[in-house]
Amino acid sequence: EQEEPAPPNLPQGTTVSLQEFRAQYTATQVGQHLALVDKIYFDRIKMSELTHQNWMKNAKNELAPNVMSFIGRFNELFYFVVTDVITQVE
């Protein structure tokens, strides 16, 4: 069994083309990396941000900054996946 290279560990702000990324990492590695990054975002959320649905209020960025960051991350990833799927060439 061939050993897979380590999951992506790019410095923050680094950009790499989707083609380069796909050629270098397996879907499993990408999934593992995304889960690790999501855990970092999730762990930052404080219980006080979740009480009374603070992320739904007008002052949501002040009352629930980490929830809003997590939601932003989700939306960015969702956009990336949708874009990648619809631009696939058979």
Side-chain angles (χ1 to χ4, degrees):
E1 187 174 324
Q2 184 179 359
E3 186 176 321
E4 295 181 353
N9 187 16
L10 302 172
Q12 188 171 4
T14 300
T15 58
V16 61
S17 77
L18 189 54
Q19 292 77 18
E20 291 173 315
F21 194 76
R22 273 202 201 113
Q24 199 168 2
Y25 303 105
T26 67
T28 300
Q29 290 173 305
V30 172
Q32 289 171 341
H33 179 72
L34 292 174
L36 290 172
V37 172
D38 284 346
K39 182 179 179 338
I40 292 168
Y41 278 81
F42 185 77
D43 286 346
R44 291 178 182 161
I45 297 173
K46 297 176 176 70
M47 186 62 71
S48 62
E49 296 182 59
L50 300 173
T51 57
H52 311 293
Q53 297 182 341
N54 283 335
W55 69 92
M56 300 290 288
K57 298 186 176 172
N58 287 337
K60 59 189 171 195
N61 291 321
E62 293 78 33
L63 295 172
N66 296 305
V67 172
M68 297 311 299
S69 180
F70 189 81
I71 291 170
R73 163 97 175 136
F74 174 85
N75 290 340
E76 287 175 358
L77 183 58
F78 178 79
Y79 178 79
F80 169 77
V81 170
V82 168
T83 302
D84 186 46
V85 168
I86 62 175
T87 58
Q88 286 292 313
V89 178
E90 292 186 27

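Owing to the predicted nature of the structure, the values given are computational and were not obtained by experimental measurement.
Under a hydrophobic-cluster definition in which Ile, Leu, Val, Met, Phe, Trp and Tyr are linked whenever side-chain heavy atoms come within less than 4.5 Å, directly or via other members, Met68 and Val37 are assigned to the same cluster. The hydrophobic cluster containing Tyr41 does not contain Leu36, counting ILVMFWY residues as joined when their side-chain heavy atoms lie under 4.5 angstrom apart, directly or transitively. Cluster membership check: Leu34 does not share its hydrophobic cluster with Phe74, using side-chain heavy-atom separations under 4.5 Å among Ile, Leu, Val, Met, Phe, Trp and Tyr.
In this structure, CZ on Phe70 lies 12.0 Å from CD1 on Ile40, to the nearest 0.5 angstrom.
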Side-chain donor-acceptor contacts of residues 57-67 below 3.5 Å, not counting sequence neighbours, with atom names and distances?
{"residue": "Lys57", "atom": "NZ", "partner": "Asn54", "partner atom": "OD1", "Å": "3.4"}
{"residue": "Asn66", "atom": "ND2", "partner": "Arg44", "partner atom": "O", "Å": "3.0"}
{"residue": "Asn66", "atom": "ND2", "partner": "Glu49", "partner atom": "OE2", "Å": "2.8"}

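When all heavy atoms of Tyr25 and Val30 are compared, the pair lying nearest together is CB-CG2, 4.0 Å. Closest heavy-atom contact between Trp55 and Ile71: CD1-CD1, 4.3 Å.
Within the 4.5 Å cutoff, no side-chain heavy atoms of Phe78 are placed close to those of Val81.
Applying the side-chain contact (heavy atoms from CB on, under 4.5 Å) test to Thr83 and every residue at least two apart in sequence or in another chain returns Tyr79, Thr87.
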